[in-house]
> 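I'd like to ask you about the structure that follows.
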Amino acid sequence: MRFRDNLTTGWMLAAAALRARAGNAALTALMFALGVSTIIALMMVSHQLERKSERDNAGIDLVVGAKGSPLQLVLSALYHVDIPTGNVSGTDAQRIAKMPMIKQAIPLALGDSYRRFRIVGTDTRFDALYGLKVAQGTRATQPMQAVLGADAARESGLVL
């Protein structure tokens, strides 16, 4: 019986303390809720970034590029978020692609842009690597032809 009386008294004291300092209690509860929601949001963003990173560099074991920062090379070639380091000569790229340790080499020439949209020079192996499909028209078959991304087409007003 004594335990139940002490428990009841404890709850009564806690309720009285909360009533006496209702503002502090509400602020503490709000700060706790904001902290928990921030942690949950960070965990969700981290998970999404990890999934996107795994998807973007799936099947890519090596990136070869011009002299410069290795981090900048990876960021520009794989994630398309940094300024490209420059391009390797076609002769060097073909020599590397023919090495026996290389299963597949996908050319990627970066550097120019049109109305802030990056121009990417490559071939159909790039499409296959990322599972890209042409929604309208056909894939470029001749030099100086282009395939326009959906965002670039919408924002630039370019059409077939």
> Are there over 12 heavy-atom neighbours, none belonging to M99, within less than 6.0 Å of that residue's CE?
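Buried by this count: over 12 neighbours within 6.0 Å.
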> If you round to the nearest 0.5 Å, how far is OG1 of T91 from CD1 of I96?
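Those atoms lie 11.0 Å apart.
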> Hey, does D82 have a side-chain heavy atom less than 4.5 Å from the side chain of L71?
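The answer is no, as the side chains (C-beta and beyond) never meet within the 4.5 Å cut-off.
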> Measure the spacing between CG of D112 and CZ of R118 and express it to the nearest 0.5 Å.
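CZ of R118 is found 11.0 Å from CG of D112.
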> Answer yes or no: does atom CZ of R125 have more than 12 heavy-atom neighbours from other residues, nucleotides or ligands under 6.0 Å?
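Enclosed: over 12 neighbouring heavy atoms sit under 6.0 Å from CZ of R125.
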> Kindly indicate whether the side chain of T138, heavy atoms from C-beta on, has any atom under 4.5 Å from the side chain of V134.
no
> If Ile, Leu, Val, Met, Phe, Trp and Tyr residues are connected whenever their side-chain heavy atoms lie under 4.5 Å apart, and connections chain through other members, are L108 and V64 in the same group?
no
> How long is the span from the CG atom in L110 to the OG1 atom in T122, to the nearest 0.5 Å?
9.0 Å
> Output the distance between atom CG (D127) and atom CZ (R139), rounded to the nearest 0.5 Å.
4.0 Å
> Find out whether I40 and M44 are in side-chain contact, i.e. whether some heavy atom of one side chain is under 4.5 Å from a heavy atom of the other.
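I40 vs M44: side chains touch.
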> Just verifying a value: how many Å separate T38 OG1 and M31 CE, rounded to the nearest 0.5 Å?
9.0 Å
> Do V159 and F117 share a hydrophobic cluster, counting only Ile, Leu, Val, Met, Phe, Trp and Tyr and linking them when any side-chain heavy atoms are less than 4.5 Å apart?
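V159 does not cluster with F117.
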